[in-house]
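See below for the structure under consideration.
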Amino acid sequence: MPYDTLAELKAIILFRGDEPTDGTSDFDAETDNILREVWRDLTVRHPWLSLIKEPPGVFLTVAPITTTTLTIAASGTSVTATLSAAPAVSITGYRIQPSGKPYFLRVTAHTAAAPTCTIDAAPETITTALACDIVQDEYDLATDLGMFVDGLWTPDSPDPIPLHAEERIKQDYGTGVNKQWPPKAFARIGATRIRLSHAPTVVRRVEYPYSRKPVDPPAGTLAIDAYLRPVYALGCLAQLYNDKSDRRFKATFDRYELGLKRAFEYETRQRIAVLGRASGATRPSPYGE
């Protein structure tokens with residue numbers, strides 16, 4: 001029997017688990033749950049080639065607004081700030097760095113072409129118009145973003161902009177607004193949102209190769225390569241054995257983990273050239289390790 005669809009895998013798992021495959025098994029509904037559970041485990045183990053998005057993700061950076069002054073009539077949280085010129089687009093989510101001040105202000109609400117905006121917190125009033133930089137250093141990416149394959153790619157650098165922990169970004173570059181292009185690094189601050197270590201100074205196209213976060217396994221052909229499907233079936237069978245307190249659980253689970261390791265090694269060989277290794281040439285890992 002092929003391993004192409006969810007129905008085929010379910011039948012294989014039930015058969016090997018000594019259960020009827022005609023829908024009468026006491027574990028029929030539980031096997032459906034197992035198929036989802038193991039799928040979610042397998043697909044997050046590695047940015048598998050079959051799950052890499054094509055074309056890659058892309059976004060445009062936003063140049064800073066540096067010709068505007070700022071006044072704030074009252075300090076406090078969720079207060080109104082007035083700008084000397086109304087931004088043509090909404091600046092919700094942008095950060096404002098008042099000139100000479102040690103803090104920044106985050107814009108929480110703004111309507112395009114309006115001269116006022118709401119900021120998260122103002123530690124003091126600014127009654128005399130003060131120069132400021134308004135920057136966008138945080139960006140929302142694709143809704144199906146799973147794992148980054150390497151980093152961000154921009155024409156201004158031959159190397160990818162690396163992904164760092166948010167804590168490291170703050171330690172290395174501070175929590176204020178720093179302007180530079182290209183940035184030194186970026187951090188993931190949400191499921192689909194990133195922060196650049198430095199606010200862009202120019203408009204640039206940025207690509208980010210990524211492994212998509214797949215939905216639960218579809219009824220049709222599975223969205224993973226053929227060599228991963230038997231491994232997926234092993235993981236499901238191991239979980240079924242575990243639910244049945246079957247002594248075959250450990251051996252099957254070990255085969256599942258070994259299958260994942262071998263699939264990872266195979267994909268690594270697909271990503272990099274392997275010829276010439278016998279001569280002592282070294283090849284970098286596709287993930288910089």
Side-chain angles (χ1 to χ4, degrees), residues 57-143 145 148 151-152 154 161-206 208 210:
V58 64
F59 67 95
L60 292 175
T61 60
V62 176
I65 300 172
T66 59
T67 57
T68 302
T69 60
L70 168 79
T71 57
I72 302 173
S75 61
T77 59
S78 192
V79 299
T80 298
T82 302
L83 305 172
S84 61
V89 299
S90 173
I91 58 171
T92 300
Y94 287 43
R95 296 202 292 170
I96 302 176
Q97 180 71 63
S99 179
K101 299 295 183 181
Y103 54 81
F104 67 86
L105 311 167
R106 187 181 299 278
V107 180
T108 57
H110 175 251
T111 302
T116 61
C117 62
T118 304
I119 57 176
D120 56 354
E124 61 181 339
T125 60
I126 301 177
T127 55
T128 301
L130 184 65
C132 65
D133 287 340
I134 305 174
V135 303
Q136 184 179 8
D137 54 5
E138 296 179 4
Y139 293 84
D140 291 310
L141 306 186
T143 57
L145 174 64
F148 290 98
L152 307 180
T154 171
I161 300 166
L163 173 65
H164 290 170
E166 183 182 10
E167 180 181 11
R168 178 175 172 184
I169 295 286
K170 291 177 178 178
Q171 289 175 334
D172 290 350
Y173 309 109
T175 59
V177 172
N178 300 299
K179 292 188 299 180
Q180 175 182 304
W181 189 257
K184 295 293 187 181
F186 75 104
R188 195 167 186 168
I189 59 173
T192 60
R193 191 169 178 83
I194 63 168
R195 176 183 299 133
L196 305 177
S197 63
H198 297 76
T201 55
V202 289
V203 177
R204 285 290 186 269
R205 181 182 186 275
V206 182
Y208 57 99
Y210 72 94

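Remember, predicted model here, so these are calculated numbers, not experimental data.
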Check: S197 side chain, K184 main-chain N or O, donor-acceptor pair, under 3.5 Å: yes
Worked check of side chain to side chain contact (heavy atoms under 4.5 Å, CB included) between I194 and Y208: CA-CA 11 Å; I194 63 168; Y208 57 99; over 6 Å; no
Check against side chain to side chain contact (heavy atoms under 4.5 Å, CB included), Q171 and H164: CA-CA 11 Å; Q171 289 175 334; H164 290 170; over 6 Å; no
Shortest non-hydrogen contact between F186 and L196, atoms and distance: CB-CD2, 3.9 Å
Where L105 and P123 come nearest, the two heavy atoms and their spacing: CD2-CD, 4.3 Å
K101 and L70: CA distance, side-chain angles, deciding distance, side chain to side chain contact (heavy atoms under 4.5 Å, CB included) verdict: CA-CA 12 Å; K101 299 295 183 181; L70 168 79; over 6 Å; no
Any donor-acceptor N/O pair, S99 side chain to A131 backbone, under 3.5 Å: no
Flag, side chain of Q97 to backbone of Y103, donor-acceptor distance under 3.5 Å: yes
Main-chain N/O of R204 paired to T61 side chain as donor or acceptor, under 3.5 Å: yes
Derivation and outcome, side chain to side chain contact (heavy atoms under 4.5 Å, CB included), residues I189 and E138: CA-CA 9 Å; I189 59 173; E138 296 179 4; 3.7 Å; yes
Least distance between heavy atoms, A86 atom then A113 atom: CB-O, 3.4 Å
ring-ring contact (aromatic ring centres under 6.0 Å, His included) involving F59 - partner list, sequence neighbours excluded: Y139
G176 backbone acceptor or donor facing R95 side chain under 3.5 Å: yes
Heavy-atom pair of closest approach, residues L163 and R188: CD1-N, 3.7 Å
Backbone N/O of H110 and side chain of S90: donor-acceptor pair under 3.5 Å: yes
Non-hydrogen atoms of Y173 and N178 that approach each other most closely: O-ND2, 2.6 Å
Distance in Å, I119 CD1 paired with I72 CD1, rounded so as to fall on 0.5 Å steps: 3.5 Å
Q180 side-chain N/O to P182 backbone N/O, donor-acceptor pair under 3.5 Å: yes
Heavy-atom pair of closest approach, residues C132 and P98: CB-CA, 4.0 Å
T108 vs T92 side-chain heavy atoms within contact, under 4.5 Å: no
